[in-house]
Number of protein chains: 2
Amino acid sequence: MSFARFKREAAISRQDICREMLASHRAAIKIQKEEVAIRNLERIYDATLRVSNQKGFQAMTMRDLSRASGLSMGALYDHLASKEELLEMIQSTGRRLTSRILKESYASVEDPGGKLAAAIRTHLYLSEAMQPWFFFSYMEARHLGDKEKQLAKQSEQRTERVFAGIIRQGNKQGAFNEADPNLTAAVIKAMVQDWYLKRWKYAKRRISVDRYADFVIKATLGCCAGINGAGKEAGA
Amino acid sequence: MSFARFKREAAISRQDICREMLASHRAAIKIQKEEVAIRNLERIYDATLRVSNQKGFQAMTMRDLSRASGLSMGALYDHLASKEELLEMIQSTGRRLTSRILKESYASVEDPGGKLAAAIRTHLYLSEAMQPWFFFSYMEARHLGDKEKQLAKQSEQRTERVFAGIIRQGNKQGAFNEADPNLTAAVIKAMVQDWYLKRWKYAKRRISVDRYADFVIKATLGCCAGINGAGKEAGA
DNA sequence: GTCTATAGTGCGATAGAC
DNA sequence: GTCTATCGCACTATAGAC
């Protein structure tokens with residue numbers, strides 16, 4: 001698996017995201033024609049992430065958003081109930097979409113080394129394909145209401161449990177020999193997050209997501225390696 | 001070196017920070033008596049980090065800060081020129097203090113393994129001792145003006161260059177055998193940052209900074225290890 | 001479905017009493 | 001040195017013309 005292929009196969013274009021957003025927030029959106037609504041939601045989605053990721057969601061005014069999206073204040077408010085709901089709309093839709101993709105992606109791999117490699121690779125590829133959303137989601141999580149904030153935390157902890165679970169399974173099968181699966185899972189998560197939080201840095205150094213994935217996987221398997229080794233990744 | 005000892009020896013109490021803050025922003029602070037100014041600055045510093053780290057600096061109003069610090073709006077503005085300057089005051093003072101501590105801390109260690117271990121350990125201990133500031137600094141960096149933003153980025157990159165430099169030196173001396181010092185330095189930085197960005201998580205799991213430091217150092221030296229090994233840490 | 005114009009709110013900051 | 005009271009402004013959100 002390479003990033004180029006992942007991106008072709010995963011249905012996570014901006015249009016896919018906004019179709020999902022419309023469907024799950026139909027009542028709050030006044031525009032009736034689906035085609036028009038999705039087209040404008042794409043502009044709003046795009047502009048929100050662009051402006052917010054530069055100066056923060058709180059600092060972005062609705063006038064900023066109007067200017068950046070090319071829609072008037074009035075038209076903007078025909079596509080969303082409030083600024084607060086816009087945040088919730090983007091967060092919940094992204095969370096639903098990403099968790100679906102992740103679940104489907106590495107369930108089929110059997111051997112622990114390959115499974116761990118596939119999990120890391122998929123997380124990195126997904127965060128690369130949806131980098132603006134991942135960055136936004138990380139930085140703006142604390143501006144959500146209590147209920148939404150809880151969901152965001154859960155979603156993050158689930159990722160870590162996936163890594164820890166694979167490592168524990170590998171220990172049991174003798175493929176790994178890792179004394180602290182939880183702490184190892186935590187630092188894997190930290191390395192994955194660094195990819196989308198500091199993307200400008202890696203871009204400047206011309207490091208591709210494929211190369212970063214190779215590096216993280218090699219380092220991780222090196223740490224976990226048991227007597228039988230665990231250097232092999234899942235095929236093709 | 002343990003965290004308990006580090007904290008005793010480093011002069012980075014809240015009072016130390018606020019004394020430095022007063023000295024470097026004397027003109028902007030109307031209060032004349034140094035003792036009074038520092039005492040109130042401590043309450044302001046504390047309240048700003050507490051409220052901002054929960055809801056974000058932009059979302060914190062000066063009325064929030066007045067309530068949380070126990071000072072009236074008027075008194076507040078006798079200790080700072082504007083909300084924007086409060087942000088700059090906290091950031092620049094913290095940056096000056098932390099970079100001074102870091103420079104002093106691991107210069108004396110000679111062997112590459114011990115030097116890398118000392119650098120990682122010191123970064124973790126410092127970020128633990130000043131966790132609210134590190135978190136604040138990371139999350140609010142993008143609300144700074146262009147000039148200040150540049151300084152914050154520089155300060156972060158310097159850290160990474162320290163790690164990379166030690167690894168390269170170790171390679172040259174044959175103690176390490178690491179093909180990619182820059183990428184290794186980047187993921188060390190990511191693991192160190194995770195400590196202060198996700199401290200609630202580690203606190204819940206009852207993982208101490210000493211244990212986290214041991215884990216990160218062991219993992220890192222394991223990856224870098226050359227023929228001669230590099231598992232030894234700097235003494236005492 | 002999209003626009004312009006504006007109502008109403010809550011902000012950062014200050015003046016002046018004590 | 002600290003307080004209360006208030007100014008002017010920029011924001012979110014909406015009403016109503018087209």
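Only heavy atoms go into these numbers, but all of them, side chains included; no hydrogens, no water, no symmetry mates. Each chain gets a letter, A, B and so on, in the order the sequences are listed, and its residues count up from 1.
Atom CZ in A:Arg67 sits roughly 17 Å away from atom C1' in C:dC3 (whole-Å rounding). Regarding B:Ile31, its CD1 atom lies at a distance of 12 Å from the C1' atom of D:dC3, rounded to whole Å. The NZ-P distance, from B:Lys30 to C:dT14, rounds to 7 Å in whole Å. Atom CD of A:Glu84 and atom P of D:dC11 are 19 Å apart (whole Å). Following rounding to the nearest Å, A:Leu76 (CG) and C:dC3 (P) show an atom-to-atom distance of 10 Å. To the nearest angstrom, P of D:dC11 lies 13 Å from NZ of B:Lys83. Atom CE of A:Met62 is separated from atom P of C:dA5 by 19 Å (rounded to the nearest Å). Rounded to an integer number of Å, the gap from CE of A:Met60 to P of D:dA10 is 19 Å.
The shortest heavy-atom contact between B:Arg211 and B:Arg206 is NH1-O, 4.3 Å.
The aromatic rings of A:Tyr138 and A:Tyr196 sit perpendicular to each other, their planes meeting at more than 60°, with 30° as the lower class boundary.
With hydrogens and angles left out, the side chain of B:Arg63 and the base of C:dG12 share a donor-acceptor pair within 3.5 Å.
When the shell of 6.0 Å around CD of A:Gln54 is examined, it contains 12 or fewer heavy atoms from other residues, nucleotides or ligands.
When the side-chain nitrogen and oxygen atoms of A:Tyr77 are compared with OP1 and OP2 of D:dT14, none of them lie within a distance under 4.0 Å.
Within the 4.0 angstrom heavy-atom criterion, only backbone atoms of the sugar-phosphate kind lie near A:Lys33; the bases stay farther away. Residue contacts for B:Ser72: at a heavy-atom cut-off of 4.0 Å it reaches a base atom on one of the strands shown.
The pair A:Glu128-A:Lys7 does not count as a salt bridge, with every side-chain nitrogen at least 4.0 angstrom from each carboxylate oxygen.
Nearest nucleotide to the A:Asp78 side chain, out of C:dT2, D:dA5, C:dA5: C:dT2. Of the listed nucleotides (C:dG1, C:dG12, D:dC11), C:dG1 has the atom at the smallest distance from the side chain of A:Val36. When each of D:dA5, D:dT14, D:dT2 is scored by its nearest atom to the side-chain atoms of B:Met73, the top-ranked nucleotide is D:dA5.
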CA sep, side-chain torsions, deciding dist, call: B:Glu20, B:Arg100, salt bridge (Lys or Arg N to Asp or Glu O under 4.0 Å) | CA-CA 12 Å; B:Glu20 173 96 24; B:Arg100 187 204 304 155; 3.0 Å; yes
